[in-house]
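Following: one structure in structure tokens, then a few remarks.
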Amino acid sequence: MTANALDVGYLERLKQGQLDLGWLRGPTGEWGVHAKPSKVGLTLRDIATGSYGEVPDVATARSMAPRGSAIDPDMPDLGYTINSKAEVWSDNVMELYEEAVSRQWSATRDIPWTELPELDPDLEHAMSQLCTVLSEVEMVASDFPAKWLWRINHQFVEAKMFLCTQCMDEARHTEVFRKRALANGGGLGQAKSVVERFLALILDAESYDEGSALMHLLGEGIVLSLFRAGELIAPSPVEKRIFRLCMQDEARHVAYGTMHLRFRLNEDPSLAEDYHAYLDRGEDIISMLFSTPEVVEPTAILLAGSVEAATQMGASGSDVVRRQIIEEYFQRCEHAGLPRRHRTKLPAVLLEGTDAVGSGAGTGVPTGA
Amino acid sequence: MATTTSDLPALGADDGPDAWFEALADVARGEADRLAALGIADFRLLVEVASETDTARYGIVLDGYDVTVTHRLGPQEASSFDAVLRGETASWQELIENILANGGADIAHSLNALSIAGWPLQLSSDDPVGRDKFFRYAETLQALFDGISRVRSTRSPTTVREP
Ligand SMILES: [Fe+2]
Ligand SMILES: [Fe+2]
């Protein structure tokens with residue numbers, strides 16, 4: 001009788017009240033554990049105790065069995081390909097999961113949709129175009145984690161759980177920007193191929209390392225800064241609330257990305273050059289996004305308050321946002337252990353006003369020394 | 001002690017930073033449930049109110065569901081914060097006036113709007129993940145500040161006015 005076949009004899013014995021009780025009398029490694037709730041309740045950190053709390057550097061099993069459980073010797077291999085902790089872990093991942101669950105919101109209920117004012121047509125058009133771009137890019141941050149989730153070993157379940165919250169967050173972001181575009185007369189605007197090229201780079205990444213660097217650190221860092229700017233340029237309290245709530249979620253994703261890369265490079269500093277290469281490619285496409293009218297002009301018009309004002313201001317208005325985006329990105333890279341100021345592929349025209357020099361090898365004008 | 005009794009004195013924008021932050025502490029206590037409903041948080045923000053002669057420092061601590069606002073901190077107490085939000089007294093006063101006048105900050109006076117360009121408020125930190133917590137908990141921080149438009153306090157304005 002194999003362990004995975006119907007045990008008719010057991011069913012016969014059970015009928016007569018002969019319980020097996022092997023699971024009850026046999027080894028019970030976690031018997032006696034009493035995880036204590038902390039002040040917010042019983043958290044993932046609180047239950048990370050005993051053998052369950054030991055997250056192995058390299059997974060010792062390839063199953064969905066929880067850490068700390070007694071695992072059958074003939075457990076099937078479920079085919080996980082990410083089996084080392086450093087590939088997905090970050091020191092803040094348990095706290096980020098708890099925070100994500102605690103700070104969820106509803107795009108249906110929590111946005112005061114009935115208070116949307118009628119806007120000047122150019123501003124409505126600009127807001128709807130911005131929302132079109134955002135609604136297009138947001139869902140890649142569900143698709144990418146979803147693509148890799150099933151490959152991540154269950155012994156790193158906290159990282160999987162956090163990525164599940166990200167999938168939900170991004171679904172809501174996709175939802176809220178689509179709703180905004182369709183709620184006030186503007187409708188959906190133009191979708192550009194250059195945007196999709198960046199999304200494809202993330203989605204088609206050959207490793208989680210590559211995709212995470214491109215998405216969590218570069219792409220979402222930029223989106224976080226855009227949400228900050230969005231809260232500043234919001235034409236009404238409705239958009240202000242949308243951007244503020246999205247900003248909170250996005251900052252969690254970036255906090256994971258930054259701390260994950262830090263953990264990864266700390267465990268294996270030799271990977272730095274690989275990460276630089278991923279970001280070189282990402283920055284090349286990001287540079288093109290910065291020169292795509294459908295991406296940059298709506299923000300400039302909303303910031304200036306009108307097409308005429310934006311024309312008069314030129315790039316000076318949105319320069320604040322550009323500098324912010326790029327400066328914050330470099331700071332996160334440095335914190336993660338991957339300084340990029342002196343080898344970034346971002347062109348000089350985008351680096352103006354920052355103290356980055358760049359390698360001059362990007363798509364724009366070389367900066368020289 | 002925080003209370004909603006309307007015959008108690010309301011905060012005045014010219015009451016000065018000690019009064020502003022005492023009012024924020026009142027909000028943290030009096031509207032604890034409303035703030036907790038926004039979710040757990042983990043952030044230590046140092047707020048600096050700079051005048052020509054000195055800088056007054058206060059701590060805003062988000063710890064789980066709890067929000068605490070400190071009294072004015074001494075030099076030794078103003079360390080181990082995740083980020084610093086600094087502005088001149090006049091800028092903070094404008095923010096307080098705006099909240100009191102509108103029942104909450106208007107579009108141009110949210111904490112994020114006032115700090116995004118590095119002026120009139122400056123957000124800084126050695127640690128970008130610590131800095132980004134200002135965005136991660138933006139809703140809680142803004143709700144705390146907006147709450148001063150509702151709070152009435154038993155403190156005597158005469159004892160907390162800036163000299
Ligand atoms: Fe998002
Ligand atoms: Fe995100």
Side-chain angles (χ1 to χ4, degrees), chain A residues 38-41 43 90-92 95-96 98-105 110 221 224-225 227-237 239-241 243-259 262 317 319-321 323-324 327-336, chain B residues 32 34-43 45 61-68 82-83 85 98-99 102-146:
Chain A
S38 52
K39 58 189 289 187
V40 298
T43 66
S90 72
D91 284 336
N92 55 357
E95 288 73 19
L96 288 172
E98 297 286 353
E99 187 179 310
V101 172
S102 175
R103 297 183 80 88
Q104 290 293 300
W105 52 278
D110 296 327
L224 171 58
S225 302
F227 287 167
R228 276 198 83 188
E231 206 233 14
L232 174 72
I233 64 181
S236 86
E239 291 87 3
K240 194 164 193 78
R241 187 157 177 79
F243 282 114
R244 189 184 297 155
L245 289 169
C246 288
M247 177 168 74
Q248 296 197 130
D249 298 340
E250 215 57 49
R252 279 196 302 276
H253 310 157
V254 174
Y256 166 76
T258 308
M259 295 304 283
R262 188 178 165 103
D319 270 353
V320 171
V321 177
R323 275 200 300 272
Q324 193 94 35
E327 191 56 43
E328 289 180 357
Y329 164 61
F330 286 141
Q331 288 168 5
R332 292 184 193 110
C333 287
E334 276 151 19
H335 190 70
Chain B
R34 195 170 65 89
L35 295 170
L38 299 174
I40 59 173
D42 172 24
F43 188 34
L45 177 66
V61 179
L62 314 183
D63 178 17
Y65 293 112
D66 299 335
V67 178
T68 312
D82 294 307
L85 187 64
N98 185 270
I99 290 171
N102 298 302
D106 70 10
I107 290 174
H109 288 83
S110 69
L111 295 169
N112 177 53
L114 292 174
S115 60
I116 189 169
W119 183 90
L121 302 183
Q122 300 98 46
L123 176 68
S124 61
S125 176
D126 295 335
D127 168 10
V129 176
R131 187 259 333 274
D132 288 354
K133 288 183 177 183
F134 183 73
F135 318 132
R136 255 163 78 186
Y137 308 123
E139 185 78 347
T140 306
L141 292 168
Q142 194 62 55
L144 174 69
F145 274 82
D146 287 352

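Letters A, B, ... are given to chains in the order of the sequence lines, protein chains preceding strands, and every chain is numbered from 1.
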Please report the interatomic distance [atom1]([X]) to [atom2]([Y]), rounded to the nearest 0.5 Å.
X         : Y         : atom1 : atom2 : answer
Ile107(B) : Leu232(A) : CD1   : CG    : 10.0 Å
Lys133(B) : Arg252(A) : NZ    : CZ    : 13.0 Å
Asp42(B)  : Glu98(A)  : CG    : CD    : 12.5 Å
Arg228(A) : Asn112(B) : CZ    : CG    : 4.5 Å
Glu328(A) : Phe135(B) : CD    : CZ    : 5.0 Å

Determine whether [X] and [Y] make a side-chain contact, defined as any pair of heavy atoms from C-beta on separated by less than 4.5 Å.
X         : Y         : value
Phe134(B) : Met247(A) : no
Arg131(B) : Arg332(A) : yes
Arg103(A) : Thr140(B) : yes

**Report entry** Check: Ser110(B)/Arg244(A) side-chain N/O donor and acceptor closer than 3.5 Å
**Finding:** no

Query - Minimal non-hydrogen separation, Val320(A) against Ile116(B), with atom names - result: CG1-O, 4.3 Å

Requested in this report: Sort out for me which of Gly64(B), Gly39(B), Ser115(B) touches chain A most, counting heavy-atom pairs under 4.5 Å.
Outcome: Gly39(B)

Report summary line: Note: vs chain A, highest number of non-hydrogen pairs under 4.5 angstrom among Asp66(B), Asp63(B), Leu38(B), Ile40(B) is Ile40(B)

Report summary line: Under 4.5 Å to a heavy atom of chain B? For Ile233(A) that would be neither

Report task. Identify which part of Gln324(A) has an atom lying under 4.5 Å from any heavy atom of chain B, answering side chain, backbone, both or neither. Result -> side chain

Report task. Count the heavy-atom pairs under 4.5 Å between each of Glu250(A), Glu239(A), Met259(A), Arg241(A) and chain B, then report the option with the highest count. Result -> Arg241(A)

Query raised in the report: Crowded around Asp126(B) CG? As in, over 12 foreign heavy atoms under 6.0 Å?
Result: no

Query raised in the report: Sub-3.5 Å donor-acceptor pair from the side chain of Gln248(A) to the main-chain atoms of Glu139(B), do we have one?
Result: yes

Requested in this report: Apply side-chain contact (heavy atoms from CB on, under 4.5 Å) to the pair Leu111(B) and Glu231(A), showing each step before the final yes or no.
Outcome: CA-CA 10 Å; Leu111(B) 295 169; Glu231(A) 206 233 14; over 6 Å; no

